[in-house]
Protein chains: 2
Amino acid sequence: MTGDGVGLRVGLSAAILAVTDEQPRVVTVGRSEWGRSDKAALPFGILDAFAHRTLELGLRSWVQELAELVLGYTEQLYTFGDRDRVDRPLLTAAPSEDEERVISVAYLALTREAESEGGDGVDWRDIYRFLPWEDGRGEQPSRSRQLALDAIGRWCRKPRARAERERREERAQFAFGLDREVWDSEKVLERYELLFEAGLVAESDPDGSSWPDGGFSSRPMAADHRRILATALGRLRAKIKYRPVIFELMPEQFTLFELQRTVEALAGLRLHKQNFRRLIDRGGLVELTGGVNAQTGGRPAKLYAFRRDVLRERRAPGVGLPGQR
Amino acid sequence: MTGDGVGLRVGLSAAILAVTDEQPRVVTVGRSEWGRSDKAALPFGILDAFAHRTLELGLRSWVQELAELVLGYTEQLYTFGDRDRVDRPLLTAAPSEDEERVISVAYLALTREAESEGGDGVDWRDIYRFLPWEDGRGEQPSRSRQLALDAIGRWCRKPRARAERERREERAQFAFGLDREVWDSEKVLERYELLFEAGLVAESDPDGSSWPDGGFSSRPMAADHRRILATALGRLRAKIKYRPVIFELMPEQFTLFELQRTVEALAGLRLHKQNFRRLIDRGGLVELTGGVNAQTGGRPAKLYAFRRDVLRERRAPGVGLPGQR
DNA sequence: AGAGTAATGCTTAAACTGAGCATAAAGCAA
DNA sequence: TTGCTTTATGCTCAGTTTAAGCATTACTCT
């Protein structure tokens with residue numbers, strides 16, 4: 001434990017999210033200079049020991065430089081340091097002889113795609129390309145979710161030892177809610193980890209050729225970036241329930257239905273319209289601006305704006321998805 | 001941002017918590033070899049790059065070695081990397097010429113004090129010695145909480161610029177809930193940060209002499225360890241609401257009232273007895289063992305044990321403090 | 001036996017949730 | 001203009017959950 005720290009590097013990665021056209025999106029830097037394959041990667045960089053006073057300040061200025069993005073809400077997600085879950089080529093063009101180890105501190109940041117300049121190598125991608133089973137807005141259940149459920153079911157029954165089967169069953173139950181229909185939208189990371197362990201999604205992909213993914217066409221990401229993305233989505237889904245971060249993703253003015261669509265995009269499920277609107281205005285989260293949006297196709301919708309005072313009034317102002325108990 | 005990482009070290013720290021005699025406690029290694037002053041420090045060590053496959057495994061084995069403790073639930077808390085909030089002497093006996101920077105990955109771990117062997121330099125301390133304003137179980141409001149509130153109130157009114165006053169007011173409102181009586185037990189870190197910024201509690205203490213603490217006798221800790229402790233307490237308070245981690249702190253069998261006392265100790269507040277018990281057994285969290293505890297002074301209390309099956313049945317099994325909305 | 005002390009059981013009003021019906025205000029076509 | 005379609009918005013209702021407190025039970029101690 002008390003080695004001298006040689007061969008250790010600290011990196012920062014960022015999952016920078018936005019919601020555009022009812023799709024949650026993430027900034028990637030998929031240029032092939034970054035790795036062997038053309039897999040998408042999150043913005044990633046090695047931390048300079050002295051450039052910045054705090055990690056978060058370092059992140060902000062580095063992202064600003066990279067992508068000319070203005071980050072809104074930012075939060076640290078997790079620090080990953082597993083030895084066996086990184087692609088070498090991403091980090092050092094020549095994998096060093098002495099197997100340098102990288103600790104990466106991952107951040108979640110919110111912004112608006114429309115407002116971004118879109119720097120050089122910056123691409124926005126739909127996050128459900130990487131985690132398709134997380135989008136449950138379409139048919140019930142969606143094709144790729146059903147595939148995931150089936151595959152996990154098989155994985156649970158595979159082992160010989162009964163104890164092992166039960167262990168798997170319990171974890172699957174927890175993450176996917178197998179027999180009962182309780183799908184907890186927040187357990188994104190738990191589901192991803194399970195799919196990963198079950199060999200259903202690939203993370204590292206040294207060959208750049210075979211992407212085992214059990215039938216649903218999910219895209220891998222470089223290194224352990226898909227895990228970071230899963231962490232980010234799970235965290236954000238939890239966060240919107242008790243903190244008004246959703247407004248970081250909205251334009252200045254919006255209709256309640258647009259707000260609902262944005263929440264649904266993140267949560268990956270559909271909400272009851274009337275109840276959603278009741279929750280929002282009984283929560284004091286928004287105020288009328290006076291304007292209307294007549295482009296609805298029906299009765300024009302009133303425009304609202306985030307009501308900042310709610311921060312002083314309520315302890316945990318958020319949007320509250322159904323079935324929270 | 002793309003420096004070469006020289007001068008960067010990664011450390012692990014652990015806030016190892018237990019509840020003993022209705023007091024939340026934490027493992028410290030207060031021996032003076034660790035620093036100049038006799039301030040308590042959390043277990044802390046520099047990470048050896050290759051010893052362990054994952055950070056958490058590294059933590060477990062290192063703690064095991066240090067303190068002969070068996071850790072139960074463990075979770076990563078946060079990675080701290082602020083430049084100006086560490087004591088030098090704690091990290092390297094001789095502060096290096098080139099100002100080595102330390103990134104420390106902090107963990108929360110739960111255990112039972114009674115079961116610990118108590119290794120060499122290991123001391124258990126009441127956590128409310130370090131964060132006295134967080135304990136609201138006594139009179140309402142407690143002396144040190146009132147002192148904190150007063151001091152924060154003064155701090156809010158201090159600045160000349162009105163904008164600054166309002167900024168402070170908003171943060172204070174958020175963390176302490178000033179005029180209304182909403183004290184959110186989870187916002188431990190937010191309160192600590194505010195007190196720190198207001199100069200009411202000291203973190204680093206180079207001289208080892210002056211501990212400004214605005215009247216309430218709170219103890220500092222080495223380096224930024226008190227911040228880590230605050231993070232740990234806040235996280236744990238949140239966690240018990242939706243995850244049955246409280247049982248990691250309980251003996252095998254217990255009465256509902258003992259369970260309540262343990263929850264109260266962590267949450268820092270008193271609960272309604274009948275409602276607490278209703279919540280617990282309607283939540284399916286426990287089952288009768290058949291035994292009774294006759295040492296109550298009144299009617300003997302039935303003994304209960306944690307009911308593991310709840311993990312399969314409920315999505316977010318926890319104890320739920322009042323006023324959660 | 002009677003008083004004291006805690007555990008345990010139960011009631012009630014208020015608040016909240018999930019679901020759906022009903023109405024309002026637009027555009028569009030006959 | 002009227003009537004139809006579409007979406008926004010208003011409102012009701014039954015089932016749950018919560019906060020608070022009263023009532024009863026089962027022990028010990030005197």
Side-chain angles (χ1 to χ4, degrees), chain A residues 22 140 181-183 185 241-242 253-264 267 269-304 313-325, chain B residues 22 140 181-183 185 241-242 253-264 267 269-305 314-325:
Chain A
E22 303 183 15
Q140 286 296 336
E181 18 155 6
V182 285
W183 175 277
S185 65
K241 287 169 194 161
Y242 59 93
Q253 299 193 16
F254 47 84
T255 69
L256 288 186
F257 195 52
E258 286 163 359
L259 184 64
Q260 179 178 346
R261 287 301 191 204
T262 305
V263 172
E264 288 175 338
L269 44 80
R270 291 284 173 216
L271 302 174
H272 181 110
K273 192 164 170 173
Q274 295 94 322
N275 289 346
F276 178 81
R277 104 190 339 265
R278 178 179 55 186
L279 235 55
I280 296 297
D281 67 33
R282 295 235 311 222
L285 285 165
V286 297
E287 58 196 357
L288 283 168
T289 66
V292 294
N293 176 1
Q295 317 303 308
T296 58
R299 172 174 172 172
K302 293 177 185 156
L303 289 175
Y304 291 82
E313 295 166 6
R314 295 180 69 96
R315 186 155 50 161
V319 294
L321 307 183
Q324 280 323 305
R325 313 262 152 91
Chain B
E22 303 184 16
Q140 286 295 336
E181 17 154 8
V182 285
W183 176 275
S185 65
K241 287 168 194 162
Y242 59 93
Q253 300 194 15
F254 48 83
T255 70
L256 289 185
F257 195 51
E258 286 163 359
L259 184 63
Q260 179 179 347
R261 287 301 191 204
T262 305
V263 172
E264 288 175 338
L269 44 79
R270 290 285 174 215
L271 302 174
H272 181 110
K273 190 164 172 172
Q274 296 94 319
N275 288 347
F276 178 82
R277 103 192 338 267
R278 171 169 42 106
L279 237 55
I280 296 297
D281 68 33
R282 296 237 309 226
L285 285 166
V286 296
E287 57 197 357
L288 283 168
T289 65
V292 294
N293 176 359
Q295 317 302 308
T296 58
R299 173 175 173 172
K302 292 175 186 157
L303 289 175
Y304 291 81
R314 296 180 69 97
R315 185 155 52 160
V319 293
L321 307 183
Q324 281 325 305
R325 310 263 149 93

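Reckoned from all heavy atoms, side chains included, excluding hydrogens, waters and symmetry mates. Chain letters run A, B, ... following the sequence lines, proteins first and then strands; every chain starts at 1.
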Starting at [atom1] of [X] and ending at [atom2] of [N], how long is that distance when rounded to a whole Å?
X       : N       : atom1 : atom2 : result
E258(B) : dA6(C)  : CD    : P     : 14 Å
F276(B) : dA20(D) : CZ    : P     : 16 Å
R278(B) : dT11(C) : CZ    : C1'   : 11 Å
R277(A) : dT7(D)  : CZ    : C1'   : 10 Å
N293(A) : dG27(C) : CG    : C1'   : 14 Å
Q274(A) : dA19(C) : CD    : P     : 11 Å
Q295(B) : dC29(D) : CD    : P     : 10 Å
H272(A) : dC16(C) : NE2   : P     : 17 Å

> After noting the C-alpha distance and the side-chain angles of E258(B) and R261(B), does the key distance pass the salt bridge (Lys or Arg N to Asp or Glu O under 4.0 Å) rule?
Replying inline: CA-CA 5 Å; E258(B) 286 163 359; R261(B) 287 301 191 204; over 6 Å; no
> DNA chain C: K302(B) or G298(B), which has the more 5' nearest nucleotide?
Replying inline: G298(B)
> Between P300(B) and N275(A), which is nearer to the 5' end of DNA chain D once each is assigned its nearest nucleotide?
Replying inline: N275(A)
>> A side-chain contact here means heavy atoms from C-beta on lying under 4.5 Å apart; do L259(B) and F276(B) qualify?
In response: yes
> Is there a side-chain polar atom (N or O) of R282(A) under 4.0 Å from OP1 or OP2 of dC16(C)?
Replying inline: yes
>> Looking at dT9(D), I'd like to know if its phosphate oxygens (OP1 or OP2) sit under 4.0 Å from a side-chain N or O belonging to R299(A).
In response: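 No, because none of the side-chain N or O atoms of R299(A) sits under 4.0 Å from OP1 or OP2 of dT9(D).
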> Between the main-chain N or O of L271(B) and the side-chain N or O of E264(B), is there a donor-acceptor pair closer than 3.5 Å?
Replying inline: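 Yes, because the side chain of E264(B) sits within donor-acceptor range (under 3.5 Å) of the backbone of L271(B).
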>> Is it the case that the side chain of T289(B) and the backbone of A305(B) share a donor-acceptor pair, with hydrogens and angles ignored and the cut-off at 3.5 Å?
In response: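 Flag not set: sc T289(B) to bb A305(B) has no pair under 3.5 Å.
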>> Taking any heavy-atom pair under 4.0 Å as a contact, classify L256(B): base, sugar-phosphate, or nothing.
In response: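 Nothing, no heavy atom under 4.0 Å.
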